[in-house]
Amino acid sequence: QVHMVESGGGLVQAGGSLRLSCAASGRTFGNYAMGWFRQAPGKEREFVAAISWNGAITYYSESVEGRFTISRDNAKNTVYLQMNSLKPEDTAVYYCAAAQEVLYLPMGRGILYWGQGTQVTVSS
């Protein structure tokens with residue numbers, strides 16, 4: 001079992017930056033691929049970014065490519081999402097997710113655990 005808690009969300013102006021953190025419990029954190037998803041009001045949850053267990057492989061959605069960076073620190077059981085050049089359309093609740101295989105995370109498949117989410121609001 002892995003319990004995950006996101007933090008770092010908040011209100012920011014367009015063009016600003018935020019860094020989200022997802023702290024996980026359990027000694028097996030380093031075995032999991034990790035991802036970030038988001039859900040805006042009235043929309044389905046969508047993939048944002050993913051990273052393999054050792055950080056060697058990353059994936060991004062087209063909408064955030066070049067603006068967001070996913071990283072992880074297995075010694076701290078934490079995955080991060082650095083978000084730059086934020087846009088109002090980035091407004092959503094952001095969730096971290098743990099999976100066995102990074103390859104299927106962009107499709108939302110194979111997810112074993114979810115965090116509770118953190119709100120990000122970008123004002124224009």
Next item on the list: Decide whether Thr78 and Asp73 meet the rule of one side-chain donor and one side-chain acceptor closer than 3.5 Å.
Entry: no
Note to self: Testing the basics here: between Ser17 and Ser85, what is the closest heavy-atom pair and its distance to 0.1 Å?
What the structure shows: OG-N, 4.3 Å
Checklist line | Lys/Arg cation over aromatic Tyr80: Arg19, 6.0 Å, 45° cone | finding: yes
Next item on the list: Report yes if some heavy atom in the side chain of Thr91 is under 4.5 Å from a heavy atom in the side chain of Gln119; otherwise report no.
Entry: yes
Checklist line | Side chains of Leu112 and Gln100 in contact at under 4.5 Å (non-hydrogen atoms) | finding: yes
Notebook entry, point to check: Is it true that Val102 and Val64 fall in one hydrophobic cluster, defined by side-chain heavy atoms closer than 4.5 Å?
Noted result: no
Item checked: Donor-acceptor under 3.5 Å (Gln39 side chain, Ala92 main chain) -> no
Notebook entry, point to check: Is NZ or CZ of Arg72 both nearer than 6.0 Å to the six-membered ring centre of Trp53 and within 45° of the ring axis?
Noted result: no
Notebook entry, point to check: With a 4.5 Å limit on heavy-atom distance, are the side chains of Glu6 and Gln116 in contact?
Noted result: yes
Item checked: Reference residue Ile51; test side chain to side chain contact (heavy atoms under 4.5 Å, CB included); the match among Thr58, Leu81, Thr69 -> Thr58
Notebook entry, point to check: Side chains of Met83 and Leu20: closer than 4.5 Å at any heavy-atom pair?
Noted result: yes
Notebook entry, point to check: Quick one: do Tyr104 and Tyr59 end up in the same hydrophobic cluster if we chain Ile, Leu, Val, Met, Phe, Trp and Tyr together by side-chain heavy atoms under 4.5 Å apart?
Noted result: yes
Note to self: Assess the residue pair Gln1 and Tyr113 against the criterion (side-chain contact (heavy atoms from CB on, under 4.5 Å)); give the C-alpha distance rounded to whole Å, side-chain angles, the decisive distance to 0.1 Å, and a yes or no.
What the structure shows: CA-CA 8 Å; Gln1 185 74 20; Tyr113 307 105; 3.8 Å; yes
Margin query: Side-chain heavy atoms nearer than 4.5 Å, only ILVMFWY residues, links allowed to pass through others: does that put Phe47 and Tyr32 together?
Written below: no
Check: Would you say the side chain of Val48 lies within less than 4.5 Å of the side chain of Tyr60, judging by non-hydrogen atoms?
Finding: no
Notebook entry, point to check: In the single-linkage hydrophobic clustering (I, L, V, M, F, W, Y; side-chain heavy atoms under 4.5 Å), do Ile57 and Met107 co-cluster?
Noted result: yes
Next item on the list: Answer with yes or no after comparing the ring centroid distance for Tyr95 and Phe37 against a 6.0 Å cut-off, counting only values under it.
Entry: no
Next item on the list: Check whether Val2 and Val5 end up in the same hydrophobic cluster, where Ile, Leu, Val, Met, Phe, Trp and Tyr are linked by side-chain heavy atoms less than 4.5 Å apart.
Entry: no
